[in-house]
Amino acid sequence: MVTLVTGGTGFVGANIVRDLARNGHQVVSFDINGPDQLFLNFLDDDFSAVTFVQGDIVDRASVERLAQDHRIEKIVHAAVYTVNREALEIERSRDVVAINLEGTANLLELARTQQVSRFIYVSSGAAYGAALPGDQTLNEETPPAPENLYGITKFASEMITRRYGELHGISTASVRLSTPYGPMERVTGHRAVMSVFYDWTGQAVRGEPITAEDMNQGRDYIYITDIADGIRTVLDAPELRHGLYNLTTGIWLTFQEILDSVIELLPATQVVTPAATDQSGGESYSRGPLSGHRLFDDLGWTPKYDLKAGLSDYIAWRKDSDFLD
């Protein structure tokens, strides 16, 4: 029996693959890209528990072939086209819809034919859309109002996942992630815009100055290792009381707090503040923080990494793996 992870060589998927392999799962990683050396080094001794298959989730025949070669018991569907800039959304609109919706339908058909015991759809806080006040906490009962194709396709895939489960007797759940950071974040064909953690830790370890702008902005960031742990908790739970869970620290972090922690861990870090930057205009939010109470109440899950612990581990990984890009 194996657990299939789609998007298994991407940022989130790679961490899910490693976590599952470390915790007794035989994993099939299905991705349009094969593993690079960075990922193989990241897996280290857990490599033997992972089988890599290259293929496209939009290609139905490619997805169906997985069932011919593997007896699939569980599926984590993490493959996605991550689009968080309007220019890219305009340029690749059709691709976003194809990958994020048709790909989900293909994986759910695989789940149906294999009668898997659990199907997890890896969703995003983008399904909630924009929140107005910065202190607005979004729980699973908050009505979704996504505004861009990424959020719309994530929410639509959640609904399709839920209904497929109801129709075909499959245990399904969607897990909405708050904003991830940590090891294996890198530019790929389906992820082009990096987090402030990626940019600033890279500049700091290379000895380059950090440009400090819009320091009152922020997000409810979560360390990627906690995301992988939370996904596995939902995947392996004997039963689920709900079909939707937020996976989050529930804590809003400003860019200033992140920068202060980078400087604390790497005191030689230089900071440049552009003279034209106006930082007196107040805070700017794309949405409020997610609430993680449901996941705690149902399964007792809480994050293990606060900001300092996550940053410390991430910086150590960048140095140890010589990932300085």
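Because the structure is predicted, anything quoted here is derived from the model rather than measured.
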Tell me every residue that passes side chain to side chain contact (heavy atoms under 4.5 Å, CB included) with I251, counting only those two or more places apart in sequence or in another chain.
T249, L253
Could you list the cluster mates of M159? Members are the ILVMFWY residues connected by side-chain heavy atoms closer than 4.5 Å, either directly or through other members.
F155
Around atom NE2 of H242, are there more than 12 heavy atoms of other residues, nucleotides or ligands at under 6.0 Å?
yes
Tell me whether V272 is reachable from W200 by hopping between hydrophobic residues (I, L, V, M, F, W, Y) whose side-chain heavy atoms are closer than 4.5 Å.
no
Can you find a heavy atom in the side chain of L290 that is under 4.5 Å from one in the side chain of L138?
yes
Can you list the residues that meet the ring pair (Phe, Tyr, Trp, His ring centres under 6.0 Å) rule with H77, with sequence neighbours excluded?
Y121
As an exercise, state the distance from CZ of F119 to CG of L110, rounded to the nearest 0.5 Å.
8.5 Å
Co-membership, hydrophobic cluster, residues Y245 and F296, 4.5 Å side-chain:
no
Point-to-point distance, once rounded to the nearest 0.5 Å, from CD of E102 to OG of S157:
10.5 Å
Going by the rule side chain to side chain contact (heavy atoms under 4.5 Å, CB included), which residues pair with D306 if we only count those two or more places apart in sequence or in a different chain?
K308, A309
Does anything in residues 41-56 form a salt bridge (charged side-chain N to carboxylate O under 4.0 Å, His left out)? List the pairs, not counting sequence neighbours.
R22-D46
ILVMFWY cluster, I152 and L88 together (side-chain gap under 4.5 Å):
no
Roughly how far, to the nearest 0.5 Å, is the CD1 atom of I16 from the CG atom of L235?
9.5 Å
Could you check if a side-chain atom of S178 sits within less than 4.5 angstrom of a side-chain atom of N246, using non-hydrogen atoms only?
no
Closest approach of N15 and M184, non-hydrogen atoms and distance?
ND2-CB, 3.9 Å
Residue pairs involving residues 149-170 (criterion salt bridge (charged side-chain N to carboxylate O under 4.0 Å, His left out); sequence neighbours excluded):
E158-R176, R162-E166, R163-E166
For residues 72-88, which residue pairs qualify under salt bridge (charged side-chain N to carboxylate O under 4.0 Å, His left out), counting only residues two or more places apart or in two chains?
K74-D236
Residues G7 and A79: closest non-hydrogen pair is N-CB, 3.5 Å
If we only count heavy atoms from C-beta on, is the D322 to L324 side-chain gap below 4.5 Å?
yes
Is it true that a side-chain atom of S62 and a backbone atom of D59 form a donor plus acceptor pair closer than 3.5 Å?
no
With no hydrogens and no angle check, do the side chains of Q37 and N41 hold a donor and an acceptor under 3.5 Å apart?
yes
Is T137 reaching over with its side chain to a backbone N or O of S291, donor-acceptor style, under 3.5 angstrom?
no
Examine R92 relative to Y81 and say whether NZ or CZ is less than 6.0 Å from the centre of the six-membered ring and inside a 45° cone about the ring axis.
no
Are any non-hydrogen side-chain atoms of L38 and S321 less than 4.5 angstrom apart?
yes
Would you please test V63 and F30 for side-chain contact (heavy atoms from CB on, under 4.5 Å) and show each step?
CA-CA 9 Å; V63 173; F30 184 67; 4.1 Å; yes
Out of curiosity, does V83 fall in the hydrophobic cluster containing V97 (side-chain heavy atoms, cut-off under 4.5 Å, transitive links)?
yes
Step-by-step salt bridge (Lys or Arg N to Asp or Glu O under 4.0 Å) determination, D297 to R241:
CA-CA 10 Å; D297 290 343; R241 292 176 54 195; over 6 Å; no
Can you confirm whether K319 sits close enough to I315 that some side-chain heavy atom of one is under 4.5 Å from a side-chain heavy atom of the other?
yes
Tell me yes or no: between the side chains of D229 and Y305, is some donor less than 3.5 Å from an acceptor?
no
To check you understand the geometry: which heavy-atom pair defines the closest contact between N100 and Y150, and what is its length?
ND2-CD1, 4.1 Å
Non-neighbouring partners of F197 that pass ring pair (Phe, Tyr, Trp, His ring centres under 6.0 Å), sequence neighbours left out
Y181, Y221
Is there side-chain contact between N106 and I57, with at least one heavy-atom pair below 4.5 Å?
no
Do we see a donor-acceptor contact under 3.5 Å between the side chains of D260 and Q256?
yes
Determine whether I99 and V58 satisfy the following criterion, side-chain contact (heavy atoms from CB on, under 4.5 Å), listing intermediate values before the conclusion.
CA-CA 6 Å; I99 293 168; V58 179; 4.0 Å; yes
Work out which heavy atom in L40 is nearest to a heavy atom in P35; give both atom names and the distance.
CD2-CB, 3.9 Å
Quick one, L4 and L107 - any side-chain contact, counting heavy atoms below 4.5 Å?
yes
Do other residues, nucleotides or ligands put more than 12 heavy atoms under 6.0 Å from the CZ atom of F323?
yes
Which label fits F39 and F52: parallel for a plane angle under 30°, tilted from 30 to 60°, or perpendicular past 60°?
perpendicular
Hey, could you give me the CG/CD1 distance between L177 and I227, rounded to the nearest 0.5 Å?
4.5 Å
Distance from L307 atom CG to S312 atom OG, nearest 0.5 Å?
10.5 Å
Within this structure, what is the CD-CD1 distance for the pair Q114 and I72, rounded to the nearest 0.5 Å?
5.5 Å
Smallest heavy-atom separation, G151 atom then P146 atom, equals C-CB, 3.4 Å
Under the side chain to side chain contact (heavy atoms under 4.5 Å, CB included) test, which residues partner A173, sequence neighbours left out?
I120, V234, L240
Worked check of side-chain contact (heavy atoms from CB on, under 4.5 Å) between V53 and H70:
CA-CA 11 Å; V53 179; H70 307 279; 4.0 Å; yes
Are the side chains of R294 and N139 in contact, using a 4.5 Å heavy-atom criterion?
no
Show your working on side-chain contact (heavy atoms from CB on, under 4.5 Å) between D36 and F42 and close with a plain yes or no.
CA-CA 10 Å; D36 57 13; F42 183 62; over 6 Å; no
Test ring pair (Phe, Tyr, Trp, His ring centres under 6.0 Å) applied to Y164 - qualifying residues, sequence neighbours left out
H168
For Y198, which residues count as a ring pair (Phe, Tyr, Trp, His ring centres under 6.0 Å) partner, sequence neighbours excluded?
none
R71: what forms a side chain to side chain contact (heavy atoms under 4.5 Å, CB included) with it, not counting sequence neighbours?
M1
Could you go through the salt bridge (Lys or Arg N to Asp or Glu O under 4.0 Å) check for E185 and R318 one step at a time?
CA-CA 11 Å; E185 181 180 10; R318 292 197 75 146; over 6 Å; no
All heavy atoms of E140 vs all of L244, minimum pair found to be CG-O, 3.6 Å
